[in-house]
Q: 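The structure is given below, and queries will be raised subsequently.
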Amino acid sequence: MPQAHRTIQVETAVSAPAERVWRALTEPEQIRQWFGWEHEGLADEIRFIFVDHAVPAPPDRIGLAGGQELQLASEGDRTVLRAVLPPSADAEPGWDAIVEGWRAFFEQLRFLLERAPAGRRSTVHLTGSATGAQVLAVLDAAGPTRRWHDSPRQRIVVDAEGRLLVVAAGAPLADGAASTVSLTVSAYGLDEAGLDLLHRDWAARWRAAVGT
């Protein structure tokens with residue numbers, strides 16, 4: 001059976017050499033520093049995607065399950081990272097959860113490599129249903145932030161403490177309709193007490209803005 005046609009769906013330029021990006025995509029301990037968010041099965045998920053069902057073709061391609069492929073293109077002192085994906089029959093018009101997932105994960109990877117935060121990554125991941133204005137109010141409550149990435153369904157900022165805050169929504173953030181929304185906070189070098197405080201702080205901000 002011929003392979004399904006693939007198209008470039010996500011592309012991010014990372015200010016790091018291709019060799020460094022390659023290690024971040026192929027070494028499980030590195031992957032944990034940027035991929036997804038913490039949950040009980042994260043280590044198994046990383047192994048399934050990036051080890052057991054990955055076909056590395058050094059130095060610039062990694063085949064993944066479902067016909068997905070990650071590609072690296074070196075451009076001087078930066079690397080263009082692409083996720084090449086087959087069309088999804090289940091995707092809603094203008095929306096594909098896999099595409100949006102890679103978009104967020106690539107930005108989390110870029111943050112790791114460009115900012116080089118010290119210590120092990122910890123995360124807070126919160127979900128609910130809200131309008132774009134409601135979920136963006138969570139970022140407003142974070143105080144001064146620096147914009148990291150903007151796309152119709154995502155806004156990513158860095159707060160004053162150097163943490164990466166990723167807001168994602170099923171509908172464009174500019175729309176007034178409610179949709180599934182999420183917040184992922186990435187922090188590095190926290191001890192147990194610091195992580196507990198991070199969870200309590202962001203859960204309170206989430207409830208105040210989103211109500212769930």
Side-chain angles (χ1 to χ4, degrees), residues 10-47 49-51 54 62 70 72 74-83 100-127 135-136 138-151 154-168 181-206:
V10 184
E11 181 175 293
T12 300
V14 182
S15 295
E19 295 82 0
R20 180 70 183 91
V21 179
W22 180 266
R23 291 197 302 274
L25 292 167
T26 57
E27 298 177 7
E29 277 304 307
Q30 288 285 307
I31 296 166
R32 192 202 170 281
Q33 290 286 81
W34 61 267
F35 179 76
W37 51 84
E38 288 180 295
H39 59 89
E40 186 175 347
L42 178 59
D44 291 337
E45 183 181 6
I46 288 173
R47 176 161 293 280
I49 294 172
F50 294 97
V51 180
I62 304 171
L70 303 183
L72 288 71
S74 182
E75 295 186 354
D77 59 355
R78 72 173 196 165
T79 302
V80 177
L81 177 59
R82 301 184 180 101
E100 294 300 324
W102 280 118
R103 195 185 312 281
F105 299 158
F106 280 5
E107 292 301 329
Q108 291 172 183
L109 171 59
R110 183 168 74 90
F111 180 79
L112 173 68
L113 297 184
E114 293 186 358
R115 288 296 186 92
R120 186 173 176 85
R121 178 180 179 234
S122 299
T123 62
V124 175
H125 183 70
L126 302 164
T127 62
V135 72
L136 290 177
V138 181
L139 299 184
D140 294 338
T145 58
R146 175 182 177 273
R147 195 71 58 89
W148 185 261
H149 167 82
D150 257 325
S151 54
Q154 294 192 35
R155 179 166 297 173
I156 305 177
V157 302
V158 182
D159 72 5
E161 285 74 32
R163 299 174 294 211
L164 190 70
L165 317 177
V166 179
V167 158
V181 295
S182 67
L183 169 71
T184 303
V185 180
S186 293
Y188 292 79
L190 296 180
D191 59 16
E192 186 174 345
L195 179 57
D196 180 65
L197 179 61
L198 188 75
H199 274 277
R200 288 190 284 109
D201 186 24
W202 283 100
R205 294 177 184 181
W206 185 258

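Here, residue 1 is the first one in the sequence, and each next residue gets the next number. Predicted, not measured: the structure shown is a model, and the values here were computed from it. Below, each value reflects all heavy atoms present in this structure, side chains not excepted, and no hydrogens, waters or symmetry copies.
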Q: Looking only at heavy atoms, which two atoms of A18 and T79 are closest? And how far apart?
A: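 Shortest heavy-atom separation between A18 and T79 comes out as N-OG1, 3.0 Å.
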Q: Any salt bridge linking E38 with R32? Criterion: basic side-chain nitrogen under 4.0 Å from a carboxylate oxygen.
A: yes
Q: Report yes if some heavy atom in the side chain of V21 is under 4.5 Å from a heavy atom in the side chain of L113; otherwise report no.
A: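 Yes, side chains in contact.
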Q: What's the verdict on side chain to side chain contact (heavy atoms under 4.5 Å, CB included) for E11 and V80, showing C-alpha distance, side-chain angles and the deciding distance?
A: CA-CA 7 Å; E11 181 175 293; V80 177; 3.4 Å; yes
Q: What's the verdict on side chain to side chain contact (heavy atoms under 4.5 Å, CB included) for W202 and L165, showing C-alpha distance, side-chain angles and the deciding distance?
A: CA-CA 11 Å; W202 283 100; L165 317 177; 3.6 Å; yes
Q: Please check if the side chain of R110 supplies one atom and the backbone of W148 the other of a donor-acceptor pair under 3.5 Å.
A: yes
Q: Nearest 0.5 Å, what's the CG-OG distance between D191 and S122?
A: 9.5 Å
Q: If we only count heavy atoms from C-beta on, is the I62 to F50 side-chain gap below 4.5 Å?
A: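 No, too far: nothing below the 4.5 Å cut-off.
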Q: Is it true that S186 and R121 share a donor-acceptor pair across their side chains at a distance under 3.5 Å?
A: yes
Q: Give the minimum heavy-atom separation between T145 and A142, together with the two atoms involved.
A: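 Answer, listing the atom of T145 first, then A142: CG2-CB, 4.2 Å.
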Q: Assign the ring pair W37 / H125 to parallel, tilted or perpendicular, where the plane angle (0 to 90°) is split at 30° and 60°.
A: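 W37 vs H125 ring planes: parallel.
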Q: Heavy-atom distance under 4.5 Å between the side chains of P117 and L112, does that happen here?
A: yes
Q: Kindly compute the distance separating NE2 (H199) from CG (L126), expressed to the nearest 0.5 Å.
A: 8.5 Å
Q: Quick one: do V10 and F105 satisfy side chain to side chain contact (heavy atoms under 4.5 Å, CB included)? Show the steps, please.
A: CA-CA 10 Å; V10 184; F105 299 158; over 6 Å; no
Q: Does a sphere of radius 6.0 Å around CD in E40 hold more than 12 heavy atoms from other residues, nucleotides or ligands, not counting ones at 6.0 Å or beyond?
A: no
Q: CZ of R205 to CG of L139: how many Å apart, nearest 0.5 Å?
A: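 Rounded to the nearest 0.5 Å, the CZ-CG separation comes out at 10.0 Å.
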Q: Closest heavy-atom contact between L109 and A24?
A: CD1-CB, 3.5 Å
Q: Say whether H149 and S151, considering side chains only, have a donor N or O and an acceptor N or O under 3.5 Å apart.
A: yes
Q: Without swapping roles, check the side chain of Q154 against the backbone of V167 for a donor-acceptor pair under 3.5 Å.
A: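 Pair absent, no side-chain N/O of Q154 close to backbone of V167.
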Q: Could you check whether atom CD of E75 has more than 12 heavy atoms from other residues, nucleotides or ligands sitting under 6.0 Å from it?
A: yes
Q: Would you give the length of the straight line joining atom OG1 of T123 to atom CG of L183, rounded to the nearest 0.5 angstrom?
A: 10.5 Å
Q: I need the T26 OG1 to I31 CD1 distance, nearest 0.5 Å.
A: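 Answer for the OG1-CD1 pair, T26 versus I31, is 6.5 Å.
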Q: Taking the side chain as C-beta and beyond, is there a heavy-atom pair between V124 and W206 under 4.5 Å?
A: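 Answer no - side chains too far apart.
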Q: Would you please classify the geometry between the W102 ring and the F106 ring as parallel, tilted or perpendicular, with 30° and 60° separating the classes?
A: tilted
Q: Begin with the C-alpha distance, continue with both residues' side-chain angles, and end with the deciding distance and a verdict on side chain to side chain contact (heavy atoms under 4.5 Å, CB included) for V158 and R147.
A: CA-CA 7 Å; V158 182; R147 195 71 58 89; over 6 Å; no
Q: Between atom CG of L72 and atom CG of L25, what is the distance when rounded to the nearest 0.5 Å?
A: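 Taking CG in L72 and CG in L25, the distance rounds to 6.0 Å.
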Q: Using a strict cut-off of less than 4.0 Å between a Lys/Arg side-chain nitrogen and an Asp/Glu carboxylate oxygen, indicate whether E29 and R120 qualify as a salt bridge.
A: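 Yes, this pair counts.
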Q: Tell me whether the centres of the aromatic rings in F111 and W34 are closer together than 6.0 Å.
A: no
Q: Answer yes or no: is there a side-chain heavy-atom contact under 4.5 Å between T12 and E107?
A: yes
Q: What are the two closest non-hydrogen atoms of A187 and L190, and how far apart are they?
A: CB-CD1, 3.7 Å
Q: Is a side-chain donor or acceptor of S15 paired with a backbone partner of E114 at a separation under 3.5 angstrom?
A: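 No, because the side chain of S15 does not come within donor-acceptor range (under 3.5 Å) of the backbone of E114.
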Q: Answer yes or no: does atom CG of D150 have more than 12 heavy-atom neighbours from other residues, nucleotides or ligands under 6.0 Å?
A: yes
Q: Which heavy atom of A104 sits nearest a heavy atom of V166, and at what distance?
A: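 For A104 and V166, the tightest heavy-atom pair comes out as CB-CG1, 4.1 Å.
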Q: Within the 4.5 Å heavy-atom criterion, are R200 and L197 side-chain neighbours or not?
A: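 Yes - at least one pair of side-chain heavy atoms lies under 4.5 Å apart.
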Q: Under the 3.5 angstrom rule, does the side chain of Y188 hit a backbone N or O of Q33 as a donor-acceptor pair?
A: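 Judged by distance alone, yes, a pair lies under 3.5 Å.
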